[in-house]
Amino acid sequence: MYQKYFSKFMQAHADEQHFCAHSHHYWPDISREAGLEAWDDSCRLLDHKWDRRYQVVYPELQRLVADTLKVSNSNRICFASNTHELVFRLMSCFHSSRVKVLTSDSEFYSFDRQADRMAEVNQIEIKKVNVFPNETFLQRFEQEIKSGEHNFIYLSHVFFNSGFRLDLKKLFSIVKNFSGTVVIDAYHSWCAIPFDWSLAPANCFLTAGGYKYAAAGEGCCFLVMPENFNLNPVQTGWYPKFFSDEGKDKKVSFPKDSFRFAGSTLDWTAFYRLRSVLNLFKEKKISIEDIHQHALIQQKYFLKQLKLTGELSKENLVVKNLDQMGHFFCFDLQSEAKRIEVEKRLLDKKMITDGRGSILRFGLGLYHNCDFSLENLYTDDFSVAI
């Protein structure tokens, strides 16, 4: 159904079964044209390319992203090369008070490593709540919020190392009265799981990017700012200077909208790619709900082929309920060494997977169409599931 939009990647990997949509999703053909457009704009316009980028490309991309999130004010969206710089630029807004972070033990490295390092040198405090058992996670997280010991929350919508998906409506109800700042990491759910960000409480930021299910590759991420946020970062890029009025008092000034979080010189090719993919979705009327329903069909087909017991089986799925899962399956193989061994053996059979620690991941995306087979998992020479 959707494979025709990915023909170049499909042809390049015709002899493989690619199960890494959660990591490196195939790119639509249109994204190659977008890369050429970025090059052509630079060639044609030279220094005037900045006018086109900020008067055409950037605002159009803001509107496209806003539409996927059901956000009416697209000026709330700021772009950068990665979520790391956006989140820690945001954290620098709170330099006058000690940042006390409440988070989980399952956040992606872009946040987790930097936060650990800041705690190590006594710049912030961190409390990490264990995600598992997942049935009680939100209840335990809420209890930590009620302790009143924290002023900054960072939490994933879908956890990268398990596929476990939080109920956003429940999370919103839990954090709406929190007196601090909340950041929801939607990197593994944006353009995969439908949600309405217009329902988010006034203290909530969202961050995500184009590398996963947006199918646009690395290099273009974004932060969605609450409507009435008015603090400015200490860690500032130089881009905001050109969209703010420097006062006579010579203080560093900032734009009133989300562009206060903009950074510095970067490669705009990724912006063009993401813009092209979101325009493709818009033109072909491919909604996030359509993407989700398509993935559910693939996931159910995947589950039908799994055995009930064994290392790569329903028994060892970390999350078994599709209603609590992102668009990727996670199998716990109990050790990193075992996971690496299995991953390599699958690769020999041209089945492309990936993993984190002891977890082996199988992700499904728009370019799957119930045309894959898991029979190689259960052959005589590949006995991990026996």
Side-chain angles (χ1 to χ4, degrees), residues 1-6 9 18-31 34 60-71 74 76-83 86 108 110 156-160 163-166 168 183-200 205-224 270-299 322-323 325-329 361-369:
M1 182 178 181
Y2 300 114
Q3 290 178 329
K4 59 186 176 183
Y5 304 124
F6 301 89
F9 270 70
H18 188 262
F19 292 111
C20 286
H22 57 281
S23 179
H24 191 103
H25 197 290
Y26 282 4
W27 299 356
D29 299 346
I30 194 70
S31 64
E60 182 182 355
L61 187 53
Q62 282 180 307
R63 289 191 295 271
L64 288 165
V65 171
D67 287 348
T68 67
L69 300 170
K70 300 181 173 62
V71 170
S74 60
R76 292 170 55 190
I77 298 170
C78 179
F79 295 96
S81 295
N82 55 74
T83 59
L86 288 165
F108 190 66
S110 59
S156 290
H157 181 200
V158 172
F159 295 100
F160 81 103
F164 174 48
R165 173 175 22 129
L166 295 179
L168 267 190
V183 180
I184 304 301
D185 181 345
Y187 217 126
H188 284 82
S189 63
W190 182 56
C191 287
I193 308 298
F195 59 87
D196 185 347
W197 193 252
S198 70
L199 302 177
F205 287 78
L206 178 140
T207 186
Y211 192 42
K212 313 300 179 184
Y213 295 96
E218 62 277 11
C220 187
C221 297
F222 61 86
L223 182 76
V224 183
F271 287 53
Y272 281 73
R273 284 201 311 268
L274 181 57
R275 171 172 158 261
S276 73
V277 175
L278 294 181
N279 268 322
L280 173 69
F281 291 168
K282 182 178 180 180
E283 177 188 343
K284 302 302 180 182
K285 295 181 170 52
I286 303 172
S287 67
I288 309 302
E289 181 62 36
D290 292 333
I291 295 171
H292 181 52
Q293 291 304 317
H294 181 78
L296 283 176
I297 292 171
Q298 311 309 308
Q299 286 181 304
L322 291 179
D323 292 334
M325 189 187 300
H327 287 178
F328 54 101
F329 294 98
R361 306 188 298 182
F362 287 73
L364 299 162
L366 275 177
Y367 50 90
H368 294 104
N369 194 32

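The model shown is predicted, which means the values in this text are computed figures rather than measured ones.
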Between the CE atom in M1 and the CG atom in D290, the distance rounded to the nearest 0.5 Å is 6.5 Å
Closest non-hydrogen atoms of F271 and G219, given as atom of the first, atom of the second and distance, are CE1-O, 4.0 Å
Nearest heavy-atom approach of A192 to I291 is CA-CG2, 4.4 Å
Between the OH atom in Y5 and the CD1 atom in I30, the distance rounded to the nearest 0.5 Å is 11.0 Å
- Any donor-acceptor N/O pair, N279 side chain to S276 backbone, under 3.5 Å: no
Query raised in the report: Are F205 and L86 side-chain neighbours, meaning at least one heavy-atom pair lies under 4.5 Å?
Result: no
For L366 and H294 the tightest heavy-atom approach is O-NE2, 3.4 Å
Quiz prompt | Whether Y211 and H24 hold their rings parallel, tilted or perpendicular, with breakpoints at 30° and 60° | solution = perpendicular
So CG of L64 and CZ of F281: to nearest 0.5 Å the spacing works out to 11.0 Å
Polar side-chain atom of T207 near backbone of F222 as donor-acceptor pair, under 3.5 Å: yes
With side chain to side chain donor-acceptor pair (under 3.5 Å) as the test, would you mind laying out the steps for H327 and H188 before giving the verdict? CA-CA 8 Å; H327 287 178; H188 284 82; over 6 Å; no
Rounding to 0.5 Å, atoms CG (L280) and NZ (K285) come to a distance of 12.0 Å
In P194, S287, C191, S189, the residue satisfying side chain to side chain contact (heavy atoms under 4.5 Å, CB included) with H292 is P194
Is atom NZ of K282 surrounded by more than 12 heavy atoms (other residues, nucleotides or ligands) closer than 6.0 Å? no
- Item | Polar side-chain atom of R76 near backbone of V224 as donor-acceptor pair, under 3.5 Å | no
Output for pair (S74 OG, E60 CD), nearest 0.5 Å, gives 11.0 Å
Taking every heavy atom of L274 against every heavy atom of G210, the minimum-distance pair comes out as CD1-CA, 4.3 Å
Got a donor-acceptor contact below 3.5 angstrom from the R165 side chain to the L322 backbone? yes
Is a side-chain N or O of R273 found less than 3.5 angstrom from the main chain of C220, in a donor-acceptor match? no
Measure the shortest side-chain to side-chain distance between Y187 and C221 over non-hydrogen atoms and say whether it is less than 4.5 angstrom.
yes
Heavy-atom donor-acceptor pair, H368 side chain to Q299 backbone, under 3.5 Å:
no
Discussion item. Apply side-chain contact (heavy atoms from CB on, under 4.5 Å) to residues H18 and F9 and explain how you reach the verdict.
Written reply: CA-CA 10 Å; H18 188 262; F9 270 70; over 6 Å; no
From the list V65, L206, I288, side chain to side chain contact (heavy atoms under 4.5 Å, CB included) partner of W190 resolves to V65
> Under 4.5 Å between any side-chain heavy atoms of F160 and H22, yes or no?
Replying inline: no
In terms of heavy-atom contacts, A270 and E218 come closest through CB-O, 3.3 Å
How about Q3 and Y26: do any of their side-chain heavy atoms sit closer than 4.5 Å?
no
To the nearest 0.5 Å, atom CG of D185 lies from atom CZ of F108 at 9.0 Å
Minimal heavy-atom distance between S110 and T83, with the atoms involved, is OG-OG1, 3.7 Å
For L364 and F19: C-alpha separation, side-chain torsions, deciding distance, then whether side-chain contact (heavy atoms from CB on, under 4.5 Å) applies. CA-CA 6 Å; L364 299 162; F19 292 111; 3.9 Å; yes
Plane angle bin for W197 and F195 - parallel if under 30°, tilted between 30 and 60°, otherwise perpendicular
perpendicular
